[in-house]
S.K.: 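Let me begin by handing over the structure; questions about it come next.
We count ligands from 1, going down the list as the structure has it; atoms in each ligand are counted the same way. Residue numbers start at 1 and run along the sequence shown.
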Amino acid sequence: MATLLDTINDPADLRKLPRAQLKPLAEELRAFVLDSVSRTGGHLSSNLGTVELTIALHYVFNTPYDRVVWDVGHQTYPHKILTGRRERMGTLRQLGGVSGFPVRSESPYDNFGTAHSSTSISAALGMAMAAKQKGEDRKAIAIIGDGAMSAGMAFEALNNAGVAECDLLVILNDNDMSISPPVGALNRYLAQLMSGQFYAAAKNVGKNVLKVAPPLFELARRLEEGAKGLVVPATLFEKFGFNYIGPIDGHDLDSLIPTLENIRQLKGPQFLHVVTKKGQGYKLAEADPVAYHGPGKFDPAVGLTKPSAPSKPTFTQVFGQWLCDMAAHDARLVGITPAMREGSGMVEFEKMFPTRYFDVGIAEQHAVTFAAGMACEGMKPVVAIYSTFLQRGYDQLVHDVALQNLPVVFALDRAGIVGADGPTHAGAYDIPYLRCIPNMGIACPADENECRKLLTAAFRQDHPVAVRYPRGAGAGVAVEPGLDALPYGKGEIRRERAGMADGAPRGVAILAFGTLLYPALAAAERLGATVVNMRWAKPLDTELLAQVASRHEALVTLEEGAVMGGAGSAVGEALQAAGIVMPLLQLGLRDEFTPHGDPARVLAMQGLDAAGIEASIRTRFGELVDRAAPPSLKVVG
Ligand SMILES: Cc1ncc(C[n+]2csc(CCOP(=O)(O)OP(=O)(O)O)c2C)c(N)n1
Ligand SMILES: CC(=O)[C@@H](O)[C@H](O)COP(=O)(O)O
Ligand SMILES: [Mg+2]
């Protein structure tokens, strides 16, 4: 028998349903989300929390004519299911499948591409302003979480919107959670709004939405004036120029729908405060929304289980352990995260050093300058941040840290391909964007052990240094427990081509930056090439480079990052500066955005697995390779 959900292939179908059928639809939708995510993995708790809100939005507003902008977009699975992608949810976050975030090219209902947080109010305001300019009567709606609301960008947009005289609706989806528990004064303020006098004054809902009907409005205004004079101060959002409505129960369709229907008729900036529960309807996720924020596949009847055999440690875990060990060794160390405690491997550090741990909220710019301030006072800050999110703090990195040459360590996680999250989260650009900044050092560990030692090397410098490492596990190299450092700015030759002894320049040398050293070694076995583990993209080991250049006929650079402007470009510049003219092939991520999907496959599509590296080198330098390789290593055919 067809379910209600089966009948909805478009919000137009949803709008045909009688109100009474929306609750059973919500139940079906929630069950579908749980079942679907348990099969594919993905973001769960946030999506269980937006089921009713999504139904209400598409039911009340004329989507996609009215624009809906979801902040971050990790909570848009119900939206995807109701907007024609139900049957493709089994492909979620897989190569060629449905994206885990809104993407404009994926659906006309995805009005704005998101995944980095706190952009929704700006984008929706832009759309509202465009509608005003063009004389269109469409509505623009931003749905932003309490975590995302903590970012400066959200406040910049509120500041603008409050005076912009546009028909903008901001919906604050307040579930009292970021990925981990939310932090900061705004969070405390929202908690206040939820309690005591404010919550009692939730008649605000009735009062403010009545503003549409002039006679009632006058009555409401007088009531409001009276009430405000007595007990209810204006909310922060009213002071920003919004009409504040709420808080209302975001799981109660009987509150949501009439409230949205009324708001739809209001003019000017509206602010609806909706209260939801992360993980709503699935007890295990309600009890542990952190674990169920972004789980892998699991059996919903059992829940998440611990893997039986201990797997190789991830780079994140190697960093987390190093951070604790170095903090025990050096009291000046402080650890900073912009709201990514779990993802950045800082759970243990917070437990061991609670007074030296700082979660500053989703506020990357602030995290960087906050670190700069600490460094000015003799502390040794370690900012643990995903490569993609440091893009937010770029000016702060240049102006506040590097220009003042402050010793801040950037532990850059998720450098390179990340897989399921796709292009928004790929750490593709850090080498190019860091390398051009004076005073910066950039370390690219090839494996777990090097990661630990390069973190120590970075920590010992008196200037800023970034250590970039990828998502997941490495080659499985044993990590030595001490706090030894690798030398600053120095690489090593890992494999020498056969016949080096005769001194004549011959064959190809691969200069690997980071974890691609291992596929490079595999390719070099077949090519008879030399492999150099460069370790540092900046400073470049120019001495080693000159030595290797003098003994080979061609060089190949290799990095898991944008090839344009990356470490390979640095090698090209260094060769030119030294007056060395020789063929150079630069391999890395091409000048295109990489899709979401299995990371190994995405890397292979970029030609960065062992076979791809070998093929590229053969195509460009086949003759040199074959001439240099000893007969035993020659690959025939
Ligand atoms: C600029 C940026 N920093 C960090 C993140 C990682 N991140 C994704 S979701 C999230 C928490 C968002 O909290 P909230 O907006 O309240 O949504 P909820 O998860 O509670 O649904 C964080 C920190 C991000 N996507 N973008
Ligand atoms: C939506 C978001 O930005 C995070 O939840 C992100 O998906 C986490 O990625 P990791 O799984 O790599 O920590
Ligand atoms: Mg939240």
Side-chain angles (χ1 to χ4, degrees), residues 41-51 53-54 70-78 92-93 99-102 114-121 142-154 171-184 186-187 190-191 250 273-280 285 289-296 314-316 337-346 359-368 384-394 413-427 469-472 596 599:
H43 291 101
L44 182 64
S45 342
S46 301
N47 283 292
L48 293 174
T50 51
V51 166
L53 185 55
T54 308
W70 296 91
D71 207 279
V72 184
H74 64 313
Q75 74 293 55
T76 52
Y77 303 174
L92 186 77
R93 292 159 41 103
S99 166
F101 300 103
T114 52
H116 286 203
S117 83
S118 319
T119 60
S120 62
I121 307 177
I143 301 107
I144 182 164
D146 52 319
M149 188 60 109
S150 68
M153 195 175 169
I171 300 181
L172 173 64
N173 174 20
D174 183 0
N175 56 17
D176 198 25
M177 281 298 286
S178 189
I179 291 181
S180 32
V183 296
L186 177 74
N187 170 254
L190 292 177
H273 187 173
V274 162
V275 179
T276 61
K277 193 170 182 59
K278 214 164 164 169
Q280 171 79 9
V290 177
Y292 287 89
H293 175 81
T314 61
F315 280 97
T316 306
T337 172
M340 296 301 282
R341 180 182 65 186
E342 284 74 18
S344 294
M346 296 179 85
D359 178 351
V360 297
I362 306 182
E364 287 79 8
Q365 302 101 311
H366 163 65
V368 174
I385 188 164
Y386 288 13
S387 162
T388 192
F389 297 144
L390 185 56
Q391 291 164 195
R392 274 280 163 93
Y394 193 61
D413 205 325
R414 298 342 186 238
I417 297 296
V418 292
D421 275 341
T424 55
H425 282 58
Y469 45 87
R471 190 177 198 278
H596 58 265

S.K.: Quick one: does D146's side chain have a donor or acceptor within less than 3.5 Å of a partner on M177's backbone?
M.R.: yes

S.K.: Quick check on ligand 2: any N or O pairs to the protein under 3.5 Å? One line per pair.
M.R.:
residue  : atom   : partner : partner atom : Å
ligand 2 : 3 (O)  : H425    : NE2          : 2.7
ligand 2 : 5 (O)  : H43     : NE2          : 2.9
ligand 2 : 5 (O)  : H293    : NE2          : 2.9
ligand 2 : 7 (O)  : H43     : NE2          : 3.0
ligand 2 : 7 (O)  : D421    : OD1          : 3.3
ligand 2 : 7 (O)  : D421    : OD2          : 2.5
ligand 2 : 9 (O)  : D421    : OD2          : 3.1
ligand 2 : 11 (O) : R471    : NH2          : 2.8
ligand 2 : 12 (O) : R414    : NE           : 2.8
ligand 2 : 12 (O) : R414    : NH2          : 3.2
ligand 2 : 12 (O) : R471    : NE           : 2.8
ligand 2 : 12 (O) : R471    : NH2          : 3.4
ligand 2 : 13 (O) : Y386    : OH           : 2.6
ligand 2 : 13 (O) : R414    : NH2          : 2.8

S.K.: Can you tell me how the ring of H74 sits relative to the ring of H293, calling it parallel under 30°, perpendicular over 60° and tilted otherwise?
M.R.: tilted

S.K.: Measure the shortest side-chain to side-chain distance between S118 and E364 over non-hydrogen atoms and say whether it is less than 4.5 angstrom.
M.R.: no

S.K.: So which residues, sorted by chain and number, lie with a heavy atom under 4.0 Å of ligand 1?
M.R.: S46, V72, H74, A115, H116, S117, G145, D146, G147, A148, N175, M177, S178, I179, K278, H293, A339, M340, I362, E364, F389, R392

S.K.: Please give me the minimum heavy-atom distance between A420 and H596, naming the atom from each residue.
M.R.: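 Taking A420 first and H596 second, the nearest heavy atoms are O-CB, 3.3 Å.
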
S.K.: So, T276 versus N173: side-chain donor-acceptor pair below 3.5 Å or not?
M.R.: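 Yes, N173 and T276 have a side-chain donor paired with an acceptor closer than 3.5 Å.
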
S.K.: Restricting to non-hydrogen atoms, name the atom on S387 and the atom on G427 that form the minimum distance, rounded to 0.1 Å.
M.R.: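 Distance-wise, the nearest heavy atoms are OG-CA, 3.2 Å.
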
S.K.: Would you name the heavy atoms of S117 and I362 that are closest together and state the gap between them?
M.R.: OG-CG2, 3.1 Å

S.K.: Would you call the rings of Y77 and H43 parallel, tilted or perpendicular, where under 30° means parallel and over 60° means perpendicular?
M.R.: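 Y77 vs H43 ring planes: tilted.
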
S.K.: Which atoms of the protein, restricted to N, O or S, are nearer than 2.8 Å to the Mg ion (ligand 3)?
M.R.: D146 OD1, N175 OD1, M177 O

S.K.: Sort out for me which residue in T50, N175, L53, V51 forms a side chain to side chain contact (heavy atoms under 4.5 Å, CB included) with Q75.
M.R.: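 Result for side chain to side chain contact (heavy atoms under 4.5 Å, CB included) with Q75: T50.
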
S.K.: Does R471 have any side chain to side chain contact (heavy atoms under 4.5 Å, CB included) partners at least two apart in sequence or in another chain, and if so, which?
M.R.: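 Partners of R471 by the side chain to side chain contact (heavy atoms under 4.5 Å, CB included) criterion, ordered by chain and then number, come out as R414, V418.
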
S.K.: Can you name the nearest heavy-atom pair linking I385 to P338, along with the distance?
M.R.: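 Shortest heavy-atom separation between I385 and P338 comes out as CD1-CG, 4.0 Å.
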
S.K.: Heavy atoms only: give me the nearest S344-T316 pair and the separation to one decimal.
M.R.: C-CG2, 3.4 Å

S.K.: Are the side chain of T114 and the backbone of D71 linked by a donor-acceptor contact shorter than 3.5 Å?
M.R.: no

